[in-house]
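Small disclaimer: the values here were computed from a predicted structure and weren't measured.
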Amino acid sequence: MTETKIKIEDLPTVYDAKSTEEKMYKFWEDGGYFKADAHSNKPPFTIVIPPPNVTGVLHMGHALDETLQDILTRYHRMSGYEALWIPGTDHAGLATQNVVEKKLMKEGLTRHDLGREKFLEKTWEWTNQHKGAILDQMKRLGASFDRSRERFTFDEGCSEAVKEVFVTLYNKGLIYKGAYIVNWCPRCQSAISDIETEYETEQGHLWEISYPLVGESGAIIVATTRPETIFGDVAIAVHPSDKKYSELIGKTVMIPLSGRQIPIIADEYVDKTFGTGAVKITPAHDPNDYEVGKRHNLNPIWIIDEEGNMKACAEVPPDYQGLDRYEARKKVVDMLSYNNFLLRVKDHEHNVGKCQRCNTTIEPLLSEQWFVKMEPLAKEAIAAVKDGRIKFIPERWEKNYLGWMENIRDWCISRQIWWGHQIPAYYHKVTGEMVVAKENPDPENYVQETDCLDTWFSSGLWPFSTMGFPNSETDDFKKFYPTTTLVTGFDIIFFWVARMITMGLEFTGKAPFSTVYIHGLIRDEKGQKMSKSKGNTIDPVEIIDKYGCDALRFTMTSLCTYGGQDIKISDERFEYGRNFANKLWNASRFVLMNLEGVDDKPIDKSKLTLVDKWILNQLNETAKTVNENMKEYRIGEIAHTLYDFFRSEYCDWYVEIAKIQLQDSELKANTQRVLRYVLDMSLRMLHPIMPHITESVWQLIPGQKQESAIIVSEFPVYKDELRYENEAEEMKLVFDTITSLRNVRQSFNIPTSATVDVEIRSEGREKEIFKAIESYIHRLAKVNNITYAEVNEPIPPRSATAVVSTSKLIVPLADLIDLESEIKRQEKKLEKLTNEKNSLSGRMKNEKFVANAPKELVEQTNARIAEITAQEDVIKELIESLK
RNA sequence: GGGCGAUUGGCGCAGUUGGUAGCGCACCACAUCGACAUUGUGGGGGUCACGUGUUCGAGUCACGUAUCGCCCACCA
């Protein structure tokens, strides 16, 4: 840190987030604090970032995800772990290709004009320019990731890992190439996987079409939602046990408009109750039909091409050829109707598959693609979660994961794009013979497969491809693999988490992480997903500019629930974090100002006052809670706990009382030490959530420090020697007393400038406490004279009374008192007490309660009843005296 | 069709082994007092969606109902 002395008095009264954040981040980066040491003796704690797309712009989802990872990393770094957080980006096949293509389009070019090689060159150029951008944005979030280990899913190492995995899986028979119906996106011009297809309910129609029988009169009526596909029909199917149609099975019908003849077949797949009970079978353009076709040895007929247009082929009549699928549908319907083949049209709601990326309606298309056989791989991935090697938090996501894994389907991994890992298969130019290998066996005679791999194929290797895999002897792999925790949203459990688990187990023999921490999704204030098209996005960078990074982090963190509920946010919510940061700043400023001349000595335990012991006890309890909650990923709870402790206990009570103690030359030095210690420890506990402000304040704390920065300081833990349970209990009397007296003051509109006197009627230990805290009462409740009297003395007329524990506080009010309102006030209190007492004594009358409830509870209940009774008596007496 | 989640003061939400409810915002009132108005102090406001059950005792557990949201499946 800079050695120039900063004068505390000169610090601004409003926390300056922007300059602090810049300074602190630079301080950490320059100091190398984010770098992890693979040779350290400390146990490892590792997180790999869910690599954001290189094309990506920082959004609120990242802000939450990265904040949580940073909190975990910083906490463990402070708690004796060698903490490593690996950053990186994803090459995002199609997304990046689209961006570059769009750029080309502005120059009037397509990727085909450039050719594959030149296009890839361009894309690499673009990528290299943008690769660091989103990670640079994440610096604004305070991310303490190790940029010296930054990776890219398409860099040399990851490419090597991809080849290794592909070839190995192929050799094991777990990757195959074959013709299947896949989800084809006519816009992206590529196959996409099942999970990249999203279904939307659309209002469509069910057309009933008549297929005339050949060689005899009559027809069979077929219901379809896609009449344009009739040219690809290869059969009409009915259910074998459907009596309606039993006589027609085996007969031949004619396709309307084209005249081609097809058989009527029987297949169990048909649902007798749906539509007309007869289905047209179009194997090339429907997954179920494809299965039926296979069973009956019917050859598929392609009638729609890759762009979604009707093919120019013998089966499609010439005037339909080249038409777009929807134009074709319209024309087919018109012509069917014109020729009386169309019998009925019904409105029909059905689900239509859409491309997740571009929302184009998917065309199921029979084509040759590469697949990963998932079932054998899934076995271990299921076992690892079932036997607890991998734990999901919250636990319910395990079910979700297992449900998917247990019904796993083969994964279509080939994409007809250029930007990505080109599939390492090579075909002989003449014979067409295929070789799968990491390198081209003979570039003279072999050409590489043109298809690329699904982006998620390389993301699936991320936890170990970033560590040096396939070389498992690297320092990082040995020290930091497997990773500890994976932090992500539930939306990519199938896309990413499941694949990492599968691949990790297969290729390293170890689960790639032991905990999967799933957080909710960020939504707008109405609970809707944020999206650019809806215009409801909130830009984290704007929030940081306006409220500060730590404010953003604190607000988000405080909104995280253990159940991982989605988080609704709006701009104004960040005021919460900003205000807390400001409170932290000003309280720190006050404490630092009052630490002038503080010595380097530790707290002198023999000189601790009641309130000193209380705050140390509360600090200790807070440390305990925070550490426990951190273990269970209750991050929101941690934020709440720290907020309550710092704001309500430290600022509202301890600091206020410390002001009094600082005036006392006997107590001053030790009070300073306590103030400093509690501030120091509070800052440490807050540091993972609010890194910048805590670091900057911590640097200003005077006195010897073991560590060079808070980021590497020791995280507070529970210490038995800081337990002061009795004092904590006794402090309740202080709070009650002050609050009650303030209440009296405000109820009677006693101005702040006026002081009142108070007569305390108390005995025993409580009386001792009152005597010890007189100075607090003077100052915090603006009390002038404090006198004492016997508990049972009659209450003087014209005075307000407060009952605190077993003691009475009498405030003589003389002319100030409004008898009416005081009686009302007291009656209200009495009513509350009586209600509580009735409920409690009802409980005590219940023999079963007395018999079954824990003894302590019964005792507690009795004690409370006694207390209420005593208080009731006092209030009744008081009301009498007022009358 | 199957599964999951939500339902708590005006709004947004907490509430970890069951012991009669907390927080932030908003609201009402007071306060410019040497850390802080991005503030402080005091206060008002909830039969915890509904029903049944288990229990001495249910916001918390079980079953059911309703409304909202999400995921999976994809019958033309």
Is [X] near enough to [N] that one of its side-chain N or O atoms lies under 4.0 angstrom from OP1 or OP2?
{"X": "A:Asn749", "N": "B:A29", "value": "no"}
{"X": "A:Asn582", "N": "B:U38", "value": "no"}
{"X": "A:Arg647", "N": "B:U39", "value": "yes"}
{"X": "A:Thr739", "N": "B:G42", "value": "yes"}
{"X": "A:Arg843", "N": "B:G57", "value": "no"}
{"X": "A:Lys399", "N": "B:C71", "value": "no"}
{"X": "A:Lys659", "N": "B:A35", "value": "yes"}

Handout entry: Polar side-chain contact A:Glu9-B:A35 base: donor and acceptor under 3.5 Å
Key = no

From [options], pick the nucleotide closest to the side chain of [X]?
{"X": "A:Ala587", "options": "B:A76, B:A35, B:U41", "value": "B:A35"}
{"X": "A:Pro854", "options": "B:A76, B:C72, B:G19", "value": "B:G19"}
{"X": "A:Asp271", "options": "B:C33, B:A76, B:A35", "value": "B:A76"}

Mind checking if [X] touches a base, just sugar-phosphate, or nothing, with heavy atoms under 4.0 Å?
{"X": "A:Tyr576", "value": "sugar-phosphate"}
{"X": "A:His285", "value": "nothing"}
{"X": "A:Arg578", "value": "base"}
{"X": "A:Glu200", "value": "nothing"}
{"X": "A:Val222", "value": "nothing"}
{"X": "A:Phe574", "value": "nothing"}

Handout entry: Atom P, compared across B:A29 and B:A21: separation rounded to whole Å
Key = 29 Å

Fill in the blank from the handout: Going 5' to 3' through nucleotides 11-16 of chain B and flagging B where a protein heavy-atom sits under 4.0 Å of the base, S where only the sugar-phosphate is that close, and - otherwise, we get -SSS-B

Practice task
Please determine if A:Lys18 and A:Asp545 form a salt bridge, counting it only when a charged side-chain N lies under 4.0 Å from a carboxylate O.
Solution key: yes

Problem - salt_bridge(A:Glu628, A:Lys631) N-O dist < 4.0 Å - result: no

Exercise for the section: Round to the nearest Å and state the distance from A:Asn579 atom CG to B:G40 atom C1'. Expected result: 13 Å

Exercise for the section: Report the distance from atom CD1 of A:Ile693 to atom C1' of B:U38, rounded to the nearest whole Å. Expected result: 11 Å

Completion exercise
dist A:Arg396:CZ -> A:Ile518:CD1 (nearest 0.5 Å) comes out at 9.5 Å

Problem - Interatomic spacing from CG in A:Leu552 to OH in A:Tyr547 - rounded to 0.5 Å - result: 11.0 Å

Practice task
Would you mind telling me which residue lines up with the more 5' stretch of RNA chain B, A:Lys280 or A:Trp653, judged by nearest nucleotide?
Solution key: A:Trp653

Practice task
Report the residue (A:Gly277 or A:Asn400) whose heavy-atom-nearest nucleotide on RNA chain B is the more 5′ of the two.
Solution key: A:Asn400

Exercise for the section: Could you check if a side-chain atom of A:Val697 sits within less than 4.5 angstrom of a side-chain atom of A:Leu584, using non-hydrogen atoms only? Expected result: no

Exercise for the section: Look at the rings of A:Phe494 and A:Trp404 and say which category their plane angle falls in: under 30° parallel, 30 to 60° tilted, over 60° perpendicular. Expected result: parallel

Handout entry: Base-pair map of RNA chain B as dot-bracket, where | denotes pairing with a different strand and pairs are Watson-Crick or G-U under 3.5 Å
Key = (((((((..((((.....[..)))).(((((.......))))).....(((((..]....))))))))))))....

Handout entry: Pair A:Thr197-A:Tyr199, side chain to side chain contact (heavy atoms under 4.5 Å, CB included): steps then yes or no
Key = CA-CA 7 Å; A:Thr197 309; A:Tyr199 288 89; 4.3 Å; yes

